Amino acid sequence: MSLQQHIEKLNALDLRMSSLTYMEALFGWDSMTLASKKGLEQRGAVIGNLSELRFTTLINDEIEATLNFLMDNKEMLDETTYAKVKLYQREYNATAKIPKDEYAAYRSLITKSNNAWEEAREKDDFSIFAPYLEQVITTLKKFIGYRGFEGHPYNTLLDDYEPGLTVDECDKFFTNLRAKIVPLVKKISEQPDVDNSFTSLSYDVKKQADYTDYISDAICFDKEAGCIAESAHPFTMNLSRGDVRFTTHYHENDILSAVSSTIHETGHALYEQNISDAYGVSILTAGVSMGIHESQSRIYENNFGRSLPFWNKHYGKLQDMYQDQLGSIDVETFQKSMNTVKPSLIRIEADEVTYPLHIMVRYEMEKMILSEDINIYDLPGLWNDKYEEYLGIRPSSDKEGILQDVHWSEGLVGYFPSYALGSAYAAQFEFYMRKDLDVDQLLEDGDMQPILDWLAKNIHTFGSSKEPAEIIEFATGESFNPDYFTDYLNQKYSKVYGLKD
Ligand code: ZN
């Protein structure tokens with residue numbers, strides 16, 4: 001087969017696999033929004049079939065030969081083709097090296113482990129989950145053995161969620177956090193509590209929906225290329241750049257939750273809507289990694305959407321809608337309520353400053369679990385010790401401790417660090433954006449298009465055609481530097497809390 005024929009084969013594979021991805025995404029959207037409960041079983045069978053189809057489409061000798069041939073001749077490929085080869089080869093290697101029967105056994109273990117976790121959490125009893133967690137960890141270690149690793153076994157899993165990420169880089173990142181953010185949290189904890197009670201008054205949810213619609217419009221979500229729905233846990237689903245859907249949620253007694261969730265998901269959606277249209281239906285038409293994706297949701301949610309200039313523009317409208325609740329609350333008080341820092345035990349309820357410390361606990365535990373022989377029953381105590389050390393509070397039960405996250409029960413080890421990296425990337429992007437744009441003035445004027453254009457040109461447009469490290473280098477002219485994040489947090493929160501050095 002000639003080079004050209006191999007390239008055609010790759011493109012045909014790309015179209016077929018991306019069509020399956022598209023269908024799976026559509027199913028995912030439907031399941032989370034409108035699909036009926038009674039249809040669950042048949043829907044499950046269809047989804048199972050699609051994933052089987054996905055496996056046989058990718059994992060076969062012909063495809064392996066084409067991917068190897070193209071990789072051996074990579075200097076003859078254009079950038080786009082090379083990017084596709086790399087991505088499919090990654091997926092191929094992650095799947096093909098694991099014996100099929102062992103993978104099937106693992107899938108069924110995950111279903112059981114997930115059920116056990118749910119029961120354990122409900123009954124607040126780690127011992128129900130422990131034997132399954134132990135098996136999940138043993139299996140993951142075995143799979144890493146099949147797949148191979150460079151340096152540290154954890155690297156293989158980190159790379160699944162954030163291509164190129166290593167333990168060395170994470171260590172640097174978290175060491176810096178520990179040194180600079182643990183003391184900041186301690187200083188803030190010594191300040192008097194902020195009175196946020198007005199944010200949990202009764203806020204009509206229909207009006208909340210009108211307001212969050214207005215906000216996602218204001219930050220440039222293209223409604224003709226997507227839609228917004230409701231779900232318990234907000235998420236974004238991209239089918240193509242012209243069809244990006246996200247959900248949000250409304251709680252009557254929490255006005256901030258709907259606002260911040262909507263801005264967060266809009267950030268994810270803007271990323272997908274602004275990927276270059278040159279890629280068509282392709283693996284490249286998707287955000288490149290968890291970390292870069294979170295950087296886009298968080299730069300809108302936290303860096304812009306919790307800033308005073310942003311609320312100087314948009315608070316008036318909210319105040320008008322809720323005169324009884326907000327009539328006597330000025331914009332500074334409102335903005336401060338959005339930036340309250342308080343160490344807490346539950347990750348998903350954490351504020352911007354303590355959030356990365358929750359991730360640090362999980363990172364240190366995952367790294368240890370994968371490199372040392374551990375007694376599974378020691379994990380809850382270890383978890384609690386770390387919370388006490390970094391956040392100054394200790395869980396009184398495993399429900400508030402090690403049992404709070406679903407991730408490990410589903411075999412998602414290596415996923416957590418990308419959440420914290422997202423915030424850190426966002427800080428670096430913002431720093432460089434400010435060299436080109438008067439960001440505060442644009443926020444103050446409600447002129448969000450130049451901000452979106454900057455992100456689109458430097459990040460979004462590439463889709464998955466560049467690796468995360470290459471995107472950071474392109475957008476900022478330097479490699480990932482964790483100092484931007486700790487500087488950003490220190491400056492912002494010293495101001496919010498009026499701290500002195
Ligand atoms: Zn997100």
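Counting starts at 1 for both ligands and their atoms, following the listed order. Not measured: the values here are computed from a predicted model.
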### Task
Give a yes/no answer: is there an N/O/S atom of Glu294 under 2.8 Å from the Zn ion (ligand 1)?
yes
### Query
Tyr432 vs Tyr484 aromatic rings, parallel, tilted or perpendicular, using cut-offs 30° and 60°?
perpendicular
### Message
Between the Zn ion (ligand 1) and His264, which N, O or S atom of the residue is the nearest one?
### Response
NE2
### Query
More than 12 foreign heavy atoms under 6.0 Å from CD of Glu122: is that the case here?
no
### Query
Counting N and O atoms only, with roles assigned by atom type, does the side chain of Gln273 sit under 3.5 Å from a partner on the main chain of Ala225, one being a donor and the other an acceptor?
yes
### Query
Is it true that some N/O/S atom of His293, main chain or side chain, lies under 2.8 Å from the Zn ion (ligand 1)?
no
### Message
Any donor-acceptor pair under 3.5 Å linking the side-chain atoms of His358 with those of Tyr387?
### Response
yes
